[in-house]
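Please read the structure below before turning to the comments.
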Amino acid sequence: MRLSRYFLPILRETPKEAEIVSHRLMLRAGMIRQEAAGIYAFLPLGLRVLNKVCRIVREEQDRSGAIELLMPTIQSADLWRESGRYEAYGKEMLRIKDRHEREMLFGPTNEEMITEIFRAYIRSYKDLPLNLYHLQWKFRDEVRPRFGLMRGREFLMKDAYSFDLDFAGAKHAYNRMFVAYLRTFARMGLQSIPMVAESGPIGGNLSHEFIVLADTGESEVFCHRDYLGFEVPPADVDFDSIPGLQAIVDKWTALYAATSEKHDAAAFAKLPPDRQISARGIEVGQVFYFGTKYSEPMRAVVTGPDGAERAVHMGSYGIGPTRLVAALIEVFHDEAGIKWPETVAPFAVVVLNLKQGAADTDAASEQLYAALSAKGVDTLYHDLDERPGSKFATADLIGIPWQILVGPRGLAEGKVEVKRRSDGSRELMTPQDALARIGG
RNA sequence: CGGGGCAUAGCGUAGCCUGGUAGCGCGUCUGCUUUGGGAGCAGAAGGUCGCAGGUUCAAAUCCUGCUGCCCCGACCA
């Protein structure tokens, strides 16, 4: 992509409403635009990141055996009356009426709707297990939206819903998502730690929040330091192996880890002092088993092997991609700007023509841009007539992992400079070597 | 929902107390020079001072109401 033909509204100064670093940098990097309190438009650069995050989420959901569908944003109030939540939900639910005065709502979540879909088609235990997910915009009319995308009112959410015949099946479904989540966040370069969360009405301890540690995190968390070194399950993990998955989940839940709400200071104090981590954290996902809370009142039942009907056991599993984009910036940034991990970066590399209009730098930059594009590398070509310093600042701000500096100084020796954004390291090499380094 | 604050050009702001032709920096446009860490000079454009009332000869400035947004707390993915 040529910057001269792209839409990248960089802000040199920080809008005053932005307090936290992810909000500031997203506004400055031209990723988002606020349209109302807690409601944002995704500009091209922001959308690229969001799409990359969503792709990883999808790939890992699919790998774990979940199946994607897409439910609407607008739902009927009648559906929510069946579960009793229409009255229970409160003012966070955005309630609207259509032209026929029918009561509708902008969905804050989809348990009722997915249960309705399930019960319409599934009759037998032989059709289980089933896990359906979608990525869809949600709306929760927060009293006080804040921190940019971190707590918006409208946000994108991946929500999965599992259906099983009994608790044992539901537990395996839970474990599938648990492992998928560990992999999902790890692929974005994030070290996530599952922490015990508020248990469902059924009891047990089948709810975990996945927390990413960040200095600027929203809440205080406590955990065992050994989690930081844990190996994330590999891509070929067998999601059908019940004992295999259980072993992974057991390992990842054996040590102490809790958010401030569930913190047990006495238990934490028993850890060796050098193993205690008290830090700030950001919740990026939650997994939850809730049994028959919806299947019972909404009559989502299947016939079991014994011929008897029973309500299915369900769980729901959320990841907030829009929030993840913000969390990634909270974790990966410095004074100059964002430092995207390669898997979610909006572009893989940016070519900086340090002397736009000069025959040699123009030619070398064009060649590099063409060659990288031909190799399928997402490349941004900074071809505006700006001073080098300005181009450096822009490149650092938007956080593209690799920068190729094409300037007269290097070209005099037939070289370009390859800079890595993550650690600032730079190396002179021929354009051919740069191509090999970045294009693989 | 309690408490606090802000609203002046695309962004950041001064002016408001003490009423009298709205200013600065960045950005934008034109020209020339410049080109390895946000260039220099010269010129130009861009404002119903959030909205609605009121006081006054006169309101960005004083008064009233409203709206929007931000921060702290409670709440929440």
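Naming convention: chains lettered A, B, ... in sequence-line order (proteins, then strands); numbering from 1 in each chain.
R280(A) places a side-chain N or O within donor-acceptor distance of the main-chain N or O of E218(A), the cut-off being under 3.5 Å. Remark: the backbone N or O of V312(A) is paired with a side-chain donor or acceptor of S295(A) at under 3.5 angstrom. A donor-acceptor distance shorter than 3.5 angstrom exists from the side chain of T343(A) to the backbone of R187(A), with no hydrogens or angles considered. A donor-acceptor distance shorter than 3.5 angstrom exists from the side chain of Q191(A) to the backbone of L228(A), with no hydrogens or angles considered. At least one donor-acceptor pair closer than 3.5 Å links the side chain of S83(A) to the backbone N or O of W80(A). Judged by distance alone, the side chain of T361(A) and the main-chain N or O of K355(A) form a donor-acceptor pair under 3.5 Å.
No contact: K138(A) has no heavy atom under 4.0 Å from any strand. Residue contacts shown for Q34(A) are limited to sugar-phosphate atoms, with no base heavy atom under 4.0 Å away. Residue A358(A) is classed as having no contact, given no heavy-atom separation below 4.0 Å to the nucleic acid. At a threshold of 4.0 angstrom between heavy atoms, the contacts of K419(A) include nucleobase atoms, whether or not backbone atoms are also involved. Using a 4.0 Å heavy-atom criterion, one finds that G410(A) contacts the bases of the nucleic acid, with or without backbone contacts as well.
Between F155(A) and A77(B), a base-stacking contact is recorded: ring centres under 5.5 Å apart, planes less than 30° from parallel.
Pairing of A14(B), defined by two Watson-Crick or G-U wobble distances under 3.5 Å, is not identified with any nucleotide. Searching all strands for a Watson-Crick or G-U wobble partner of A42(B) with both distances below 3.5 Å returns U30(B). The nucleotide G36(B) finds no pairing partner, because no Watson-Crick or G-U wobble arrangement with both distances shorter than 3.5 Å includes it. Summarising the base pairing, C51(B) is matched to G65(B) through a Watson-Crick or G-U wobble pair whose two defining distances lie under 3.5 Å. Across every strand in view, A22(B) sits unpaired, with no contact that passes the Watson-Crick or G-U test at under 3.5 angstrom. Of all nucleotides present, only G73(B) satisfies the Watson-Crick or G-U wobble test against C1(B), with each distance under 3.5 Å.
For R119(A), the salt bridge (Lys or Arg N to Asp or Glu O under 4.0 Å) test picks out E82(A), with sequence neighbours left out.
In this structure, CG of D141(A) is placed 13 Å from C1' of C1(B), rounded to the nearest angstrom. Rounded to an integer number of Å, the gap from R140(A) CZ to C76(B) C1' is 8 Å. For D159(A) and A77(B), the CG to C1' distance is 11 Å, given to the nearest whole Å. Across the protein-nucleic acid pair, E17(A) atom CD and C69(B) atom P stand 11 Å apart, rounded to whole Å. Taking atom CZ of F288(A) as the reference point, atom C1' of A77(B) lies 13 Å away to the nearest angstrom. The separation between E218(A) atom CD and C72(B) atom P is 12 Å, rounded to whole Å. At whole-Å resolution of the value, CZ in F185(A) and P in A77(B) are 15 Å apart.
Closest to the side chain of F147(A), from the set C72(B), A77(B), C69(B), is C72(B).
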Which nucleotides of nucleotides 24-33 of chain B have their base under 4.0 Å from a protein heavy atom (B), which only their sugar-phosphate (S), and which neither (-), written as one string 5' to 3'? -BBS------

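Salt-bridge annotation for D378(A) and K52(A): present, with a side-chain N of the basic residue lying under 4.0 Å from a carboxylate O of the acidic one.
Between E68(A) and the choices K158(A), Q61(A), R58(A), the side-chain hydrogen bond (donor to acceptor under 3.5 Å, both in side chains) rule is met once, by R58(A).
Counting heavy atoms from C-beta outward, T216(A) and F147(A) have side chains that stay 4.5 Å or more apart.
For the contact set between residues 320-354 of chain A and RNA chain B, defined by any heavy atom under 4.0 Å, the members are R323(A), L354(A).
Of the two residues contacting RNA chain B, namely R28(A) and L149(A), the nearest-nucleotide position lying further toward the 5' end is that of R28(A). In terms of position on RNA chain B, the residue among E283(A) and K355(A) whose nearest nucleotide sits closer to the 5' end is K355(A).
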